[in-house]
Amino acid sequence: MATAGIGVGVDVDAVPLRHPGRWAAGVVILVFAAMGVHSLATNPNFQWGTVGDYLFAEPVLRGMWATVYLTVIAMAIGVVGGIGLAILRMSPNPVVAGAAWLYIWFFRGTPLLVQILFWSFIGALYPRLSLGIPFGPSFVSGDANHVVPLFAAAVLGLGLNEAAYMAEIVRAGINGVDAGQTEAASALGMPRALTLRRIVLPQAMRTIIPPTGNETISMLKTTSLVSVISYNELLNATRLIYARNFQTVPLLIVAALWYLALTSVLTAGQHQLERRFARGILPRVGERR
Amino acid sequence: MNAGSAAVAVPMVRAERVRKSFGQHVALREVSLTVAPGEVTCLIGPSGSGKTTFLRCINHLERISGGRLEVDGELVGYREHRGRIRELRPRDIARKRREIGMVFQRFNLFPHLTALENIIEAPVRVHAERRSEATRRGRALLARVGLADRADAYPAELSGGQQQRVAIARALAMRPKLMLFDEPTSALDPELVGEVLEIMRQLATEGMTMIVVTHELGFAREAADTVVFMDAGTVVEVGPPATLLTAPAHERTRAFLSKVL
Ligand SMILES: Nc1ncnc2c1ncn2[C@@H]1O[C@H](COP(=O)(O)OP(=O)(O)OP(=O)(O)O)[C@@H](O)[C@H]1O
Ligand SMILES: [Mg+2]
């Protein structure tokens, strides 16, 4: 054979391409990393001993669980509300669709922090809340400050805002399902709601799940906002401690480490979920085009 | 097949000067057509002539802009009340659609359901048929389209021809009195066309009323009672396949056939 190297069953005998840029970047990054680690280890202001003391302290752990709990409930409200809003938004009834649009517009158009503060001050806005027939008799009523306790304000603030964002994610997922699916269901005489529940939503889930994972991770960190209304989640728990002992930096590190740990767990879970949903999607065979 | 008795029996489909426009664009000009029960009608015509649009009007996937369209003696999508025509509620439209099966060019099987689940979904959910009974019938239908052993396969695991046969079984599961086919074989590789046409031929012999949009003139010649040639949103010519396909009366039909054959 005249040409050297490439052939069936023959190893290619070639000089591999060199990547000097990679080596240079590696060295630079290594130097910076070493500087960072050195500073972390030697700067006494980090007070790693204090970090260790408080990392598993009882109030911190309680705050951590409160954060987890808040994330779960707020996301549950967000997902259920988001699906509901997305469906309303696509309603053939213009009034219903308009109302959903208005909701999304409002909750996405104002800062979450402002919304959370609003919910905590709802008692000032409506001193008495009641449940009953509009303009008619009421069945339950009470002082708003008791009806809307801190936890409710926190969860409503986070959940109702999340619903607005989830609505757009769900809507994109539903719109991504081939129109032929709805047509086939209609041709079989399936009503709109049934088609949505049995045919469209299950298929939309594949595109809804990955961004929902991102939203959950983001929600976990966003829960720290409710520390402004003194709801005792992770950040507030550490703040209460450093307000007493002035060990601000180590306690913020404690909070950061817990947030990192929790988001890492969620990221791993998200990967698993996406892998599961990517399975079984084979290319179509025997079809032209 | 019983075209002779069409005068006495209520026609399965009766279109009277049906018009349909999409904004400025007129897709159907004046389509008049009668299909008797048990009759097999093939719609042929060039691309864009309105064949799909007409088919979709029949089960109200598309709302007609004018004229009158009846299926089995009842208006499609509307009801007449004291001489006035009123729009039906979506629920009632859905109920009417259950009597009309439709098979799509791109199959449109539900990809997240198995072949059997695709078939029993509507009978169980909208006819409230018992699951065991629906499953029994579903398996029988799968056997009928030659797919008894693929009940648990997902659409992505089936060939195009198999998918289309499942789609036919799915439509039949609703016990329709009319079946609409929109180019059921044109998305298939040539070697898979035959198996689908075979099922349709069988269905025709069993007396199902069928309207088939197709480019398979061989099928039209063998299985159709009537062939309809459409062009530019109008019905140009209607006749038995023997005359229309071999000795068409109109120049446009002749021009189309000479291009296709
Ligand atoms: N949803 C729609 N909006 C606008 N125009 C449409 C729509 N559906 C169909 N049309 C137009 O109506 C005309 C008839 O279309 P139709 O799909 O019924 O033709 P066809 O005979 O089925 O053609 P083909 O053989 O290519 O399937 C075409 O000009 C098409 O562009
Ligand atoms: Mg068409």
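Below, chain A is the first sequence line, B the second, and so on; all start at residue 1. All figures in this text were calculated on a predicted structure; none of them were measured in a lab.
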*Asks:* For P111(B) and Q181(A), which heavy atoms make the closest approach, and how far apart are they?
*Replies:*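 For P111(B) versus Q181(A), the nearest heavy atoms are CD-OE1, 3.4 Å.
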
*Asks:* Looking at every non-hydrogen atom in both residues, tell me the closest pair between A187(A) and N59(B) and how far apart they are.
*Replies:*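 Between these two residues, the closest heavy atoms are CB-ND2, 4.0 Å.
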
*Asks:* So, for F110(B) and A184(A), which heavy atoms are closest and what is the spacing to 0.1 Å?
*Replies:* CE2-CB, 4.0 Å

*Asks:* Output the option from R170(B), E191(B), M102(B), H127(B) having the highest count of non-hydrogen pairs under 4.5 Å with chain A.
*Replies:* R170(B)

*Asks:* Between H112(B) and V200(A) (side chain of the first, backbone of the second, donor and acceptor by atom type, cut-off under 3.5 Å), is there such a pair?
*Replies:*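 No, H112(B) side chain to V200(A) backbone: no donor-acceptor pair under 3.5 Å.
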
*Asks:* Other residues, nucleotides and ligands only: do more than 12 of their heavy atoms fall within 6.0 Å of CZ on R201(B)?
*Replies:*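 Count over threshold, so yes.
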
*Asks:* I'd like to verify something: which residue of A173(B), A167(B), A122(B), P176(B) has the highest number of heavy-atom pairs under 4.5 Å with chain A?
*Replies:* A122(B)

*Asks:* Do M190(A) and E121(B) pass the side chain to side chain contact (heavy atoms under 4.5 Å, CB included) test, and can you show the C-alpha distance, the side-chain angles, and the key distance before you say yes or no?
*Replies:* CA-CA 9 Å; M190(A) 293 173 68; E121(B) 178 69 17; 4.1 Å; yes

*Asks:* Considering only heavy atoms, which portion of R56(B) lies under 4.5 Å from any heavy atom of chain A: side chain, backbone, both, or neither?
*Replies:* side chain

*Asks:* Checking the side chain of N108(B) only, and the main-chain atoms of G180(A) only, is there a donor and an acceptor separated by less than 3.5 Å?
*Replies:*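 A pair under 3.5 Å: yes.
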
*Asks:* Does any heavy atom of chain A fall under 4.5 Å from the side chain of L61(B), the backbone, both, or neither of them?
*Replies:* side chain

*Asks:* So for I199(A), is it side chain, backbone, both, or neither that comes closer than 4.5 Å to the heavy atoms of chain B?
*Replies:* both

*Asks:* If I compare all heavy atoms of M174(B) with all of L188(A), which pair ends up nearest, and what's the gap?
*Replies:*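 Where M174(B) meets L188(A) most closely, the heavy atoms are CE-O, 3.3 Å.
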
*Asks:* For E99(B), which atoms come within 4.5 Å of any heavy atom of chain A: side chain, backbone, both, or neither?
*Replies:*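 Neither part.
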
*Asks:* Which atoms of R91(B) come close to chain A, meaning under 4.5 Å heavy atom to heavy atom: side chain ones, backbone ones, both, or neither?
*Replies:*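 Contact with chain A involves no heavy atom of R91(B) at all.
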
*Asks:* Indicate the atoms forming the closest heavy-atom contact of S186(A) with R97(B), along with that distance.
*Replies:*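 Scanning both residues completely, I find the closest heavy atoms to be O-CD, 3.0 Å.
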
